[in-house]
> 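The structure is given below, and queries will be raised subsequently.
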Number of protein chains: 2
Amino acid sequence: MTSLSIAEAAERTGLTAHTLRYYERDGLLLGEVHRASSGHRRYTDADLRWIEMVTRLRATGMPIRDVRRYAALVRDGDGNEADRLALLLAHRELVERQLAEVTSHLRAIDYKIALYENTLDKSA
Amino acid sequence: MTSLSIAEAAERTGLTAHTLRYYERDGLLLGEVHRASSGHRRYTDADLRWIEMVTRLRATGMPIRDVRRYAALVRDGDGNEADRLALLLAHRELVERQLAEVTSHLRAIDYKIALYENTLDKSA
DNA sequence: GTGCGACCTGGAGTGCACTCCAAGTCAAGG
DNA sequence: CCTTGACTTGGAGTGCACTCCAGGTCGCAC
């Protein structure tokens, strides 16, 4: 169980140190990150794994507020798995709808691109 | 060529009247929307088609700033098709990367979902 | 024991994309 | 004429997610 400084954790997770502190302050983590005697944060593997999950949720567009809610459920421990599942399922639904929407808009943009490529071919 | 009030245009485009005014003010449209003698905006079919394109660009994550740049190119007329194409191609590239990223994060979340479904199955 | 670099905190600031407000205009209905 | 409702404007306000700052602490190297 290695334990990393905030700078190292930032590098591992792809977040900034600022963001790591912000997530902790805002209740997105499972608790306070352990501190060294100096008061500096020390991130465990478990911390990093959780932060990776948070990153996945954020990268798929889940608002901070909902990540916080999910974190609260996990923090509360066993017994609310159904709630966690419901939250994740709702999120997946949303993401899939968004993926479909973006894909369809992208196709329309592709069509436009093809038009421009045609125009430029002819004029060349 | 019908011509619609801002409320009607809002309904057709799925944007709010506020947003339509904001887009116009911010240079995302191809020019000032025509006004009735009362000073009220009157949207033409061409306006709506352009707004639809803006909506597609926005819905795929293009920042306002870039939509404005694209609008400026179109407004400037013939001769810069290569620039427009480059802008759209760059955008497509970005969107595709994002789609891939979101999809891969979603798969990881799906895995988590499967774990919860398992847990709940067993305990049921 | 002084300087340095990495870190700490509470709180303020930033950028983006809207979103809303106050005060006013206009055309139509009663 | 007066009211009503849909609109106009410039500008202020909001929500989100960071991002940064000032002032301070800690432990190590010189």
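Naming convention: chains lettered A, B, ... in sequence-line order (proteins, then strands); numbering from 1 in each chain. Just so it is clear, the model here is predicted, and its values are computed rather than measured. These values consider heavy atoms only, across backbone and side chains, with no hydrogens, waters or symmetry-generated copies.
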> Give a yes/no answer on whether the side chain of Arg65(A) brings an N or O atom under 4.0 Å of OP1 or OP2 in dC16(D).
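Checking dC16(D) against Arg65(A), a side-chain N or O does come within under 4.0 Å of OP1 or OP2.
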
> Base, sugar-phosphate alone, or nothing: which one does Arg35(B) contact when heavy atoms must sit under 4.0 Å apart?
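The residue Arg35(B) makes sugar-phosphate contact but no base contact.
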
> Send over the distance from Arg68(B) CZ to dC18(C) P, rounded to a whole Å.
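My rounded result for the distance is 12 Å.
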
> Does dC20(C) have its OP1 or OP2 closer than 4.0 Å to a side-chain nitrogen or oxygen of Thr16(B)?
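Checking Thr16(B) against dC20(C): no side-chain N or O falls below 4.0 Å of OP1 or OP2.
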
> Pick the nucleotide of DNA chain D nearest each of Ser37(A) and Tyr22(A); which residue has the one closer to the 5' end?
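Looking at the nearest nucleotide for each, Tyr22(A) comes out on the 5' side.
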
> Write down the distance between CZ (Arg42(B)) and P (dA27(C)), rounded to a whole number of angstrom.
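That distance rounds to 11 Å.
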
> The side chain of Ile6(B) lies closest to which of these nucleotides: dC20(C), dT19(D), dC7(D)?
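Selected nucleotide: dC7(D).
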
> At 4.0 Å (heavy atoms only), tell me whether Arg41(A) reaches a base, stays on the sugar-phosphate, or touches nothing.
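Sugar-phosphate, no base atom in range.
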
> How about Leu88(B) and Lys112(A): do any of their side-chain heavy atoms sit closer than 4.5 Å?
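Leu88(B) vs Lys112(A): side chains touch.
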
> OG1/Thr13(A) to OH/Tyr43(A) distance, rounded to the nearest 0.5 angstrom?
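These two atoms lie 8.0 Å from each other.
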
> Taking only side-chain nitrogens and oxygens of Ser5(B), does any of them come within less than 4.0 Å of OP1 or OP2 of dC7(D)?
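For Ser5(B), the contact criterion (side-chain N or O under 4.0 Å from OP1 or OP2 of dC7(D)) is met.
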
> Taking it one step at a time, do Thr60(A) and His91(A) satisfy side-chain contact (heavy atoms from CB on, under 4.5 Å)?
CA-CA 9 Å; Thr60(A) 49; His91(A) 180 58; 2.7 Å; yes

> Return whichever of Pro63(B) or Arg21(B) has its heavy-atom-nearest nucleotide of DNA chain C closer to the 5' end.
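By nearest-heavy-atom nucleotide position, the 5'-most residue is Pro63(B).
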
> Using heavy atoms to find the nearest nucleotide of DNA chain D for His40(A) and Glu24(B) separately, return the residue whose nucleotide is more 5′.
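The 5'-side residue here is Glu24(B).
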
> Whole angstrom is fine here: how far is it from CG in Asp26(A) over to C1' in dG15(D)?
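From Asp26(A) CG to dG15(D) C1': 13 Å.
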
> Separation of Leu20(B) atom CG from dT19(C) atom C1', in whole Å?
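Value for this atom pair: 13 Å.
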
> Apply the test side-chain contact (heavy atoms from CB on, under 4.5 Å) to residues His34(B) and Thr44(B): give CA-CA distance (whole Å), side-chain angles for both, the deciding distance (0.1 Å), then the verdict.
CA-CA 8 Å; His34(B) 175 249; Thr44(B) 64; 5.5 Å; no

> When you check the phosphate oxygens OP1 and OP2 of dG11(D), does a side-chain N or O of Arg25(B) lie under 4.0 Å from one of them?
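No, because none of the side-chain N or O atoms of Arg25(B) sits under 4.0 Å from OP1 or OP2 of dG11(D).
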
> Is the distance from OP1 or OP2 of dA17(D) to the nearest side-chain N or O of Tyr23(A) less than 4.0 Å?
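For dA17(D), OP1/OP2 do not have a side-chain N/O of Tyr23(A) under 4.0 Å.
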
> Check every strand shown and say whether Ala7(B) touches a base, only sugar-phosphate, or nothing at a heavy-atom separation below 4.0 Å.
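The residue Ala7(B) makes sugar-phosphate contact but no base contact.
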
> Would you kindly compare Met62(B) and His18(B) by the position of their nearest DNA chain C nucleotide and give the one closer to the 5′ end?
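The 5'-side residue here is Met62(B).
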
> So, are Glu24(B) and Arg41(B) salt-bridged, with charged N and O less than 4.0 Å apart?
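Looking at Glu24(B) and Arg41(B), the cut-off is met.
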
